[in-house]
Structures are given as C-alpha cells and as structure tokens.
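Here is the structure we will look at, set down as structure tokens.
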Amino acid sequence: MNCLDKYRSKLISQLNRDLRIILVRPEEEAVHDFRVGMKRLTALYFLLNEVDPRLNTRKMLKPYRKLAKSIGVIRDGHIAVHLIQELDEVCDADKKLLVSAIKSKSRNDYRSFKRTIQTSPLARVSVPTIRSLGLSERAILRQKPVALKGLLSQIMSTSPRMTAEQWHKKRILMKRYHHKLDAFYFCPGHTADENELKQIKILEQLLGDWHDRIIAAEILPLLKGAEAEADRTIAIMRKQDKILLGSAKIYLNKYKKWHQGN
C-alpha cells in the first residue's frame, strides 16, 4: 500500500463511520467531520486526476459530493447556532429566540434530508483505490509540487478591492491546498508540509470566522417570527465582516512573505 492509499483508506473508514451516525441522527460532530472528510477526499481525487487526466474522478465522487451538499444544510444550522450564542453584542432574549428558530429549521432540514436519502440510498462511500487506478506513488509525488504551485498562485493573487465572492473562492482554494498537503500525511517529507500548515492556520481561521457570518446572514432572513431580531443580528455581523477581511488581508501578505523566504 503506497502512502496515499494509506491516507485514503483511513479517510474512507472515517467517512463511513460518520455517515452511519448521520443516517440515524444529525449528530453535530459526525456532520462536521463528514463534510470535512468529503472535502479531503475530493482534494485527493482531483489530485489523482491531475496525475492522469484520463481518470474521471468527478464522476466517481459525484453522488458523495451531492450527499455532502445536502448534509451541508444541516451543518449550516449548527454553525449559525454557535455563532449567535458567541456574539456578545446580541442580547440574551434575541439569542434565545433566534437559536430556537434555527434549531426548528434544522430539524425540518434533517427530515428533508432523510426523505431524500430514502429515494436514493447511499449506505457507504466507496471509490476505487489508488492502486486499482494504476497510479504509482512515484508519479503522484512527482505531480505534487506542480499541483500545489497552481493552487498557490491563485491563493496569492490579490486585487486592491476584493469582493466577498472573490474572498469566498480564495477560501475554497486555500482549503483545497490544505487538504492536498494533508493527503501526503503518510509520505516522506510531510514534516515540511506541517510547517507550512502552521503558517496558514490564522488566515484559515479568519476566513472561516468570516464565512460563518455569511452563512448565518443567509439563514436568519428565512426564520419566521424573528424578523426584527434577525435584522439586528445581521447588522452586527456585517460590521464584523469588514474587520475579519481586513485582518485576513494582513495575514495573507504575511503568508506571501513567508513563502518568498522559503
């Protein structure tokens, strides 16, 4: 078993464990871990497609990525609840009403998910092993710097006035870059990758906190009976958005300088 198949085997095992839990109940940790696991699996198989463009890994992953997207609606509710509970600027009465309304929506979302999964049952995640695809460890390791360089150039490129959509795309690219580095966890030389991951940790956290507010701001207007409370909370989050993106820009520049010195 090559080093990437070892990583893949562990990832598939964790995904199926989390999926078994989710199919019974929307347990928060399992929902979160399944979503992250699918992003890791996607990054790995997209990398394999770069090694051998004849592979159609998008087709292999399509049903599971669709499943992860439907589970993502449940995850969004969890994110919104935690964010609102942590906002000091929101009064306790508003928090209580909003959290209750979000949890009610999440229960409906889970019931909808269960109905969907019953019409197209997916009991487990199953994709071909790297070995069965005919890819050698040497070929993948040779492709690694090329694949990372392409992503890195997109992450590093900035403009003076970046839109929210541009920041969102950059966040996705950074996650994919992170997950591609993770794929080599069992491979020689991964210690150097861990050093880089330490450098982007704060930047990822800032963009993650920013995106949590984007998610919550999209959910709150959907809540019935809490319109005024939702408007007040969204106004607070909009102010925080600007601060978080300002800090993200600073740390992105630090990350650029770190790369230039290495």
Side-chain angles (χ1 to χ4, degrees), residues 32 35-36 38-40 42-43 46-47 50 58 61 65-66 68-84 86-90 98 102 105 109 147-182 196-223 226-260:
H32 170 264
R35 289 269 292 160
V36 173
M38 272 310 306
K39 290 174 184 176
R40 293 181 190 278
T42 298
F46 279 11
L47 171 64
E50 291 179 61
R58 287 183 181 273
L61 295 170
R65 295 182 74 196
K66 186 177 179 181
K69 187 174 182 180
S70 63
I71 292 173
V73 177
I74 302 165
R75 175 60 187 157
D76 289 349
H78 294 158
I79 289 171
V81 165
H82 285 298
L83 174 60
I84 290 167
E86 293 169 2
L87 287 175
D88 294 333
E89 299 87 344
V90 178
L98 291 171
I102 293 169
K105 179 182 179 300
D109 290 336
L148 293 176
K149 184 178 180 181
L151 274 176
L152 190 62
S153 64
Q154 295 179 70
I155 292 168
M156 296 299 196
S157 65
T158 56
S159 58
R161 291 183 178 275
M162 287 178 59
T163 65
E165 184 179 357
Q166 287 173 319
W167 274 113
H168 181 52
K169 288 180 179 178
K170 194 172 293 294
R171 177 178 173 272
I172 292 172
L173 291 172
M174 178 153 283
K175 277 186 169 292
R176 188 157 294 171
Y177 184 81
H178 183 159
H179 295 329
K180 281 188 176 181
L181 287 174
D182 283 342
E196 177 163 14
L197 290 173
K198 290 178 183 177
Q199 297 297 322
I200 63 177
K201 186 177 180 180
I202 295 177
L203 178 57
E204 286 189 304
Q205 183 65 55
L206 287 167
L207 289 177
D209 289 347
W210 167 75
H211 191 247
D212 287 352
R213 284 156 177 77
I214 298 296
I215 289 171
E218 290 174 350
I219 290 175
L220 293 183
L222 304 177
L223 306 178
E227 289 80 2
E229 293 82 0
D231 288 344
R232 287 195 293 268
T233 304
I234 290 172
I236 291 168
M237 292 191 296
R238 294 297 186 208
K239 293 178 182 178
Q240 295 175 344
D241 283 353
K242 296 178 181 178
I243 297 171
L244 288 166
L245 285 184
S247 298
K249 191 168 185 178
I250 291 170
Y251 276 92
L252 180 57
N253 287 330
K254 287 185 178 181
Y255 180 49
K256 284 183 184 178
K257 291 178 182 177
W258 180 85
H259 250 288
Q260 290 166 357

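Remember, predicted model here, so these are calculated numbers, not experimental data. Numbering starts at 1 and runs along the sequence shown. Hydrogens, waters and symmetry mates play no part in the numbers below; they use all other heavy atoms, side chains included.
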Gap separating the [atom1] atom of [X] from the [atom2] atom of [Y], nearest 0.5 angstrom:
{"X": "Lys201", "Y": "Leu206", "atom1": "NZ", "atom2": "CG", "answer": "12.5 Å"}
{"X": "Leu252", "Y": "Lys257", "atom1": "CG", "atom2": "NZ", "answer": "11.5 Å"}
{"X": "Leu151", "Y": "Leu181", "atom1": "CG", "atom2": "CG", "answer": "9.5 Å"}
{"X": "Gln154", "Y": "Arg176", "atom1": "CD", "atom2": "CZ", "answer": "10.0 Å"}
{"X": "Tyr255", "Y": "Met174", "atom1": "OH", "atom2": "CE", "answer": "5.5 Å"}
{"X": "Leu148", "Y": "Glu196", "atom1": "CG", "atom2": "CD", "answer": "7.5 Å"}

For the residue pair [X] and [Y], establish whether any side-chain heavy-atom pair is separated by less than 4.5 Å.
{"X": "Leu87", "Y": "Gln240", "result": "yes"}
{"X": "Lys239", "Y": "Glu89", "result": "no"}
{"X": "Ile202", "Y": "Ser247", "result": "no"}
{"X": "Val36", "Y": "Arg40", "result": "yes"}

Looking at every non-hydrogen atom in both residues, tell me the closest pair between [X] and [Y] and how far apart they are.
{"X": "Leu220", "Y": "Met237", "answer": "CD1-CE, 3.8 Å"}
{"X": "Leu207", "Y": "Ala248", "answer": "CD2-CB, 3.8 Å"}
{"X": "Gly208", "Y": "Arg171", "answer": "CA-NE, 3.9 Å"}
{"X": "Ala216", "Y": "Leu83", "answer": "CB-CD2, 3.7 Å"}
{"X": "Val90", "Y": "Ile236", "answer": "CG2-CD1, 3.8 Å"}
{"X": "Gln166", "Y": "Ser159", "answer": "OE1-OG, 4.1 Å"}

Heavy-atom donor-acceptor pair, [X] side chain to [Y] backbone, under 3.5 Å:
{"X": "Arg213", "Y": "Arg238", "value": "no"}
{"X": "Lys170", "Y": "Ser157", "value": "yes"}
{"X": "Lys254", "Y": "Ile200", "value": "no"}

Query raised in the report: Does atom NZ of Lys256 have more than 12 heavy-atom neighbours from other groups under 6.0 Å away?
Result: yes
Query raised in the report: For Phe46, does the CZ atom have more than 12 heavy-atom neighbours from other residues, nucleotides or ligands under 6.0 Å away?
Result: yes
Query - The single option from Ile219, Asp212, Ile102, Ile214 passing side-chain contact (heavy atoms from CB on, under 4.5 Å) against Ile79 - result: Asp212
Report summary line: Per side-chain contact (heavy atoms from CB on, under 4.5 Å), Trp167 is matched among Leu245, Ile172, Asp241 by Leu245
Query raised in the report: According to the interplanar angle, ranging from 0 to 90°, do the rings of Tyr177 and His259 count as parallel (below 30°), tilted (30 to 60°) or perpendicular (above 60°)?
Result: perpendicular
